[in-house]
Novice: 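Before I ask anything, here is the structure I am working with.
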Amino acid sequence: MRLLCLATTMAVLGVTATEYAARAQTATNPELMAYGEYLAGECTTCHQTKSSSDGIPAITGLDTDHFVSALEAYKSGSRTNTTMISVARSLDAEQIRALAVYFGSLNPNK
């Protein structure tokens, strides 16, 4: 029964077993977290940690998949913001995931 539930979940998410395992591991990977923290300095130049400022949204506490999707949309140009398009296009998939994991781990109220 558990295997059927896992298979159904993976089908709904549209991921392979390898991708599913990778997603589960990245959230607890200390090296990926540290890499995200290292990269975050550029992000926090504009993005505040507690709330929106001057129309720039806070990015702490965001769901990792939402964070990744947003940056991929900027990277492809389907989301428009000149600065974010430039930033997203300078990042590879691992860097985006590391940032997502790091910012997702932060409490948005602190």
Novice: How long is the gap from CD on Glu72 to CG on Leu91, to the nearest 0.5 Å?
Specialist: 11.0 Å
Novice: Using a strict cut-off of less than 4.0 Å between a Lys/Arg side-chain nitrogen and an Asp/Glu carboxylate oxygen, indicate whether Lys75 and Asp92 qualify as a salt bridge.
Specialist: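 Salt bridge: no.
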Novice: To the nearest 0.5 Å, how far apart are OH in Tyr102 and OG1 in Thr64?
Specialist: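 With rounding to 0.5 Å, OH (Tyr102) is 15.5 Å from OG1 (Thr64).
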Novice: As a test of understanding, state which of Arg97, Met84, His66 forms a side chain to side chain contact (heavy atoms under 4.5 Å, CB included) with Leu71.
Specialist: Met84
Novice: Under a 4.5 Å cut-off applied to non-hydrogen side-chain atoms, are Ile85 and Arg79 in contact?
Specialist: no
Novice: So, Ser69 side chain and Asp65 main chain: donor-acceptor pair closer than 3.5 Å or not?
Specialist: yes
Novice: Just verifying a value: how many Å separate Asp63 CG and Phe67 CZ, rounded to the nearest 0.5 Å?
Specialist: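 Answer for the CG-CZ pair, Asp63 versus Phe67, is 11.5 Å.
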Novice: Just how far is it from atom SG of Cys46 to atom CD1 of Ile59, taken to the nearest 0.5 Å?
Specialist: 9.5 Å
Novice: What is the distance from atom CD1 of Ile96 to atom OG of Ser90, rounded to the nearest 0.5 Å?
Specialist: 8.5 Å
Novice: If you round to the nearest 0.5 Å, how far is CG of Leu62 from CG of Leu99?
Specialist: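 It comes to 11.5 Å.
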Novice: Will you find, in the side chains of Gln95 and Tyr35, an N or O donor that is under 3.5 Å from an N or O acceptor?
Specialist: yes
Novice: Any side-chain heavy atom of His47 within less than 4.5 Å of one from Thr60?
Specialist: no
Novice: Would you name the heavy atoms of Tyr74 and Asn81 that are closest together and state the gap between them?
Specialist: CE2-CB, 3.8 Å
